Structure formats: C-alpha cells, structure tokens
Protein chains: 2
Amino acid sequence: MAVNHDNCPCMDSCPLNHALALIGGKWKMQILCSLYNNGPTRYNQLKKTLDGVSNTVLANALRELEEDGLVERQEYLEVPVRVEYRITEPCQRLIPILDELGNWSMEL
Amino acid sequence: MAVNHDNCPCMDSCPLNHALALIGGKWKMQILCSLYNNGPTRYNQLKKTLDGVSNTVLANALRELEEDGLVERQEYLEVPVRVEYRITEPCQRLIPILDELGNWSMEL
DNA sequence: CAGAATCCCAAGTGATACTG
DNA sequence: CAGTATCACTTGGGATTCTG
C-alpha cells in the first residue's frame, strides 16, 4: 500500500505530497476539470470559464501543468495566433480518482 | 459523474475544492497518514514523527481536522494530561482514495 | 490573442517563548 | 504534556498594464 511508509513520516518522498504539488493550488483542478469537460480550449476562453483567474495565475498554472505532463499546449500559427490546451492521457486516468475524492468529500 | 458541472466552472461548489479544503495544506495528509499507519498517537509523539511541524501549525491542523470530522481527539485525565488523536471512520474511507492518488502521481 | 512584467496584498507557515 | 500567544517571514494569489 502506497500510503504506508513504515512509521511515516512520508515527508518529502510521500506520493501524496507529490500529487498535491501536481494538482494543488487554487486553480489547477478547475483547469483540469474544465478541460476534461469542455475539451481543447483556448487561453482566453479558459480564462472566461474560470471566472476570476488572473493572467499571472492562469499562465503559471498552465505552464506547470504542461511541464508536469498533465496538459498539452498546441499553438496554431494563424493570425492572430491561436493556442489550445487539452489534458493528456495520463491526466485522463486522474479524473476518476478525483471523482472519488470529490464524492467522498461530499458524503462526509 | 461528480466532476461534471455542465460547462464548469465548478467554482465554489466544486467537490474537489471542498476536498482540498479538508485535506490540503502542507501537513494534513501527513497527519492522517501517520495516524492511519501508527494508530492513536499523542500530540508530542505526532510532533516528533512529523519532523519539522511547528506547534502553531500542528495544533491548528489538528483542530481543523477534528472540526471536519476527520480526526478524533481523546483526552485522558491523568497527570500529566494525555491526549491522543486518531482518524475517524469516514476518514478511513478516504485512505484508499489517497492511495490511488499517490500511486497515480508516482506512475506519472 | 496569448501571455509576460510589475507590483501588491493576504494567507499560510514557522520559531520561540510561555502557561494551565 | 499539550497546547496558546506573539511575531516574523515566505509563498501564493490577484490587479493592472504592456507587448510579440
């Protein structure tokens, strides 16, 4: 069982901390959730959908998500430029887990 | 599916945000993890196990976890006083989910 | 259009000392 | 022993403006 690390502390090597680093923060899960539900989305559309995100935060979150392999960025060389974001396959496998987590939190 | 909220944004009512409020933060998952693995644990023992927590943070986290029904506090009227923390039954059901989440993050 | 740069604020975290 | 109080600090998040 992955949660078990002898006597704890899991500390730095804890898979859960790693997970939190990937999808923690105020907006990352919403971003993934939106991309999952709505499919590939342009930057400004995403910004409108996630009502209240600032550019700073959204851009940073997207870059981190991309670096971590959760999101793919595709740039279409049109004028004006068009950029779409979508979730990756490994990220797809995260969705059902998040789903369980959400259900659990609501039943609590 | 709980993750689906029409077009998103899940925003405030998002079950995932609720979950994050419960178990987010730097130490809460470690606390739950430790209590799960080691069983009922006294305050100072917990503090030693989670190497690096300050009193401020640990005490606050434990109080919140207790308010949210994830942790039970039991006070034994001995001299000196003894206080033990343990995870609750609803919290037990969270463990396998965290386990999946941890596994996912490591396989990524 | 898609972001980067800048600046600011609030919240979270932490170290230390102290007390019922 | 199990915390609380106080204060300092770091980080994340946000508003706004600007540019390739």
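Keep in mind it's a predicted model, so treat the numbers as computed, not measured. Every chain is numbered from 1 and lettered A, B, ... according to where its sequence line falls, protein lines coming before strand lines.
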With B:Arg86 via salt bridge (charged side-chain N to carboxylate O under 4.0 Å, His left out) - residues at least two apart: B:Glu84
Could you tell me whether the phosphate oxygens of [N], OP1 or OP2, come under 4.0 Å of any side-chain nitrogen or oxygen in [X]?
X	N	result
A:Tyr76	C:dA2	no
A:Arg42	C:dA2	yes
A:Arg63	C:dA4	yes

Reading DNA chain D from 5' to 3', where do the contacts with chain B start and stop? Cut-off is 4.0 Å to heavy atoms. D:dC1 to D:dT6
Protein-to-nucleotide contact annotation, 5' to 3' order, nucleotides 14-20 of chain C [B base; S sugar-phosphate only; - none; under 4.0 Å, heavy atom]: BB-B---
A:Leu20: partners by side chain to side chain contact (heavy atoms under 4.5 Å, CB included), with sequence neighbours left out: B:Leu20, B:Met29
Only counting residues at least two apart or in another chain, list the ones meeting side chain to side chain contact (heavy atoms under 4.5 Å, CB included) with B:Val53. B:Trp27, B:Leu50, B:Val57, B:Leu58
Quick one: list whatever passes side-chain hydrogen bond (donor to acceptor under 3.5 Å, both in side chains) with [X], sequence neighbours left out.
X	answer
A:Arg73	A:Glu75
B:Glu78	B:Arg82
A:Arg93	A:Glu89
B:Glu72	none

Value in whole Å for how far the P atom of C:dG3 lies from CD of A:Gln74: 13 Å
Bending between helix ends of the helix from C:dC1-D:dG20 to C:dG20-D:dC1 [5 pairs per end, 10° resolution]: 50°
The complete set of salt bridge (charged side-chain N to carboxylate O under 4.0 Å, His left out) pairs with one or both residues in residues 25-40 of chain A, sequence neighbours excluded, reads A:Lys28-A:Glu64
